[in-house]
Asks: 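Structure provided below as structure tokens; questions to follow.
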Amino acid sequence: MAHPVTRPRESEIFMVQIEEAVRRHDPTRICSGVKAALEELTAGGATWIPGDYFTGSETDYARKLLHQCPEKTYSIMLMVWQPGQGTAIHDHAGKWCVECVVRGEIEIISFDHTEDGDTHRFAETDRLTAHTGEVGILIPPNEYHLIRNVTDRPAATVHVYEGEMLWCHRFEPAGVPGTFARERCTLSYDD
């Protein structure tokens with residue numbers, strides 16, 4: 001269930017820009033348009049998101065649905081990261097995604113993926129620290145990464161997904177060094 005987001009003028013303009021971008025049908029053009037809209041919207045901070053949405057979880061990062069397009073072509077989610085929280089290496093189930101830091105900073109590590117049967121290997125391709133207002137794009141097949149808060153302060157990110165992100169593959173170290181086991185995991189929302 002989506003939380004009712006406050007709607008100052010900036011967020012209304014943002015929603016129009018997202019709708020226009022998604023109609024482009026090409027993932028590169030869609031993500032470019034969504035990125036531009038997020039950069040413009042977050043330049044003034046995250047005032048369009050109610051403050052109580054930034055409450056995190058003690059056990060894992062919190063996922064909060066902000067908006068689900070009625071046609072199910074995209075969704076917008078807030079993730080809240082307490083210090084030390086993060087993900088395993090994961091994919092995005094073949095969906096494009098645009099991610100923006102709206103509070104704090106987040107470390108993002110991207111990977112190239114190779115697969116031989118049930119054996120999965122990853123090679124790090126990029127490591128960066130994203131600060132408030134910075135936006136990144138993931139377009140399959142370049143969708144393998146991990147995200148974590150390595151600071152001592154909470155952080156938050158907004159994610160705009162193709163469709164709705166209800167599952168992904170998570171990759172955990174396997175028995176042989178350098179190999180990973182793939183596990184399909186169901187994703188849920190925090191209230």
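From a predicted model like this one, the values you see are computed outputs, not experimental measurements. Numbers here simply count residues along the sequence, with the first being 1.
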Asks: Take I76 and V158 through the side-chain contact (heavy atoms from CB on, under 4.5 Å) test and state the conclusion after the steps.
Replies: CA-CA 7 Å; I76 304 172; V158 168; 3.8 Å; yes
Asks: Hey, does Y189 have a side-chain heavy atom less than 4.5 Å from the side chain of L166?
Replies: yes
Asks: If we ignore hydrogens and angles and just use 3.5 Å, is the side chain of T125 paired with the main-chain N or O of S110 as donor and acceptor?
Replies: yes
Asks: Grab the two heavy atoms, one from I139 and one from C31, that are nearest each other, plus how far apart they are.
Replies: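 Heavy-atom minimum between the residues: CG1-SG, 3.8 Å.
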Asks: Side chain of T179, backbone of H120: donor and acceptor closer than 3.5 Å?
Replies: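 Not a single qualifying donor-acceptor pair exists.
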Asks: Just by distance, do the side chain of E162 and the backbone of W96 share a donor-acceptor pair under 3.5 Å?
Replies: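 Answer holds: yes.
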Asks: Examine distances only and state if a side-chain atom of E183 and a backbone atom of H169 form a donor-acceptor pair shorter than 3.5 Å.
Replies: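 Absent.
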Asks: Given side chains that start at C-beta, do those of V80 and T55 come closer than 4.5 Å, heavy atoms only?
Replies: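 V80 does not reach T55 side chain to side chain.
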Asks: Please determine whether residues V150 and I108 belong to a single hydrophobic cluster, defined as Ile, Leu, Val, Met, Phe, Trp and Tyr linked transitively by side-chain heavy-atom distances below 4.5 Å.
Replies: no
Asks: Minimum heavy-atom separation for D91 to F171, with atom names?
Replies: N-CE1, 4.2 Å
Asks: Count I, L, V, M, F, W, Y as connected when their side-chain heavy atoms are under 4.5 Å apart, and connections chain through other members. Are L41 and I49 then in the same cluster?
Replies: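 Yes: a chain of side-chain contacts under 4.5 Å links L41 to I49.
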Asks: Grab the two heavy atoms, one from Y53 and one from K64, that are nearest each other, plus how far apart they are.
Replies: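 Shortest heavy-atom separation between Y53 and K64 comes out as O-NZ, 3.0 Å.
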Asks: Taking all non-hydrogen atoms of both residues, which atom of V135 and which atom of C100 are closest, and how far apart?
Replies: CG2-SG, 3.7 Å
Asks: Using the rule side-chain contact (heavy atoms from CB on, under 4.5 Å), only one of V101, N149, T151, D60 pairs with W81; which is it?
Replies: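 Going through V101, N149, T151, D60 one by one, the side-chain contact (heavy atoms from CB on, under 4.5 Å) with W81 is satisfied by N149 alone.
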Asks: Taking Q85 for the side chain and S57 for the main chain, is one N or O donor matched with an acceptor at less than 3.5 Å?
Replies: yes
Asks: For D26, look at atom CG and say whether over 12 heavy atoms of other residues, nucleotides or ligands are found less than 6.0 Å away.
Replies: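 For D26, atom CG is crowded (more than 12 foreign heavy atoms under 6.0 Å).
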Asks: Indicate if I109 and L128 have the same hydrophobic cluster label, given that clusters are the connected sets of ILVMFWY residues with side-chain heavy-atom separations under 4.5 angstrom.
Replies: no
Asks: What closest approach, in Å, do H92 and C97 show between heavy atoms, and which atom pair accounts for it?
Replies: ND1-CB, 3.3 Å
Asks: Please work out which of the three classes, parallel, tilted or perpendicular, describes the rings of Y161 and H159, given edges at 30° and 60°.
Replies: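 The rings of H159 and Y161 lie parallel, inter-plane angle below 30°.
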Asks: Taking the six-membered ring for Trp, are H145 and H90 closer than 6.0 Å centroid to centroid?
Replies: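 Yes.
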Asks: Any chance you could measure E164, atom CD, to K72, atom NZ, to the nearest 0.5 Å?
Replies: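 It comes to 6.0 Å.
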Asks: Nearest 0.5 Å, what's the CG-CD distance between D152 and Q82?
Replies: 11.5 Å
Asks: How long is the straight-line distance from CD1 of I106 back to OG1 of T87, given to the nearest 0.5 Å?
Replies: 9.5 Å
Asks: Decide whether V102 and I137 are clustered together by the hydrophobic rule: side chain heavy atoms of Ile, Leu, Val, Met, Phe, Trp, Tyr closer than 4.5 Å, transitively.
Replies: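 Looking at the clustering, I137 is in the same group as V102.
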Asks: For the CG atom of L138 and the NZ atom of K95, what is their distance to the nearest 0.5 Å?
Replies: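 If I round to the nearest 0.5 Å, the distance is 14.0 Å.
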Asks: Classify the ring geometry between F122 and H113 as parallel (under 30°), tilted (30 to 60°) or perpendicular (over 60°).
Replies: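 Aromatic pair F122/H113 classed tilted.
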Asks: Assess whether side-chain contact (heavy atoms from CB on, under 4.5 Å) is satisfied between R148 and Y61, documenting all intermediate values.
Replies: CA-CA 9 Å; R148 58 188 175 195; Y61 66 93; over 6 Å; no
Asks: Kindly check if the number of other-residue, nucleotide or ligand heavy atoms within 6.0 Å of CD (E58) is above 12?
Replies: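 Not buried by this count: 12 neighbours or fewer within 6.0 Å.
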Asks: At their closest point, which heavy atom of R63 faces which heavy atom of M79, and how far apart are they?
Replies: NE-CE, 3.9 Å
Asks: Near D52 CG, under 6.0 Å, is it more than 12 heavy atoms from other residues, nucleotides or ligands?
Replies: yes
Asks: Measuring from atom CZ of R184 to atom CZ of R170, what distance do you get when rounded to the nearest 0.5 angstrom?
Replies: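 The distance works out to 12.5 Å.
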Asks: Do T129 and E105 have side-chain heavy atoms sitting under 4.5 Å apart?
Replies: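 Yes, close enough: below the 4.5 Å cut-off.
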Asks: Taking atom CD of E107 and atom CD1 of I147, what is their separation to the nearest 0.5 Å?
Replies: 11.0 Å
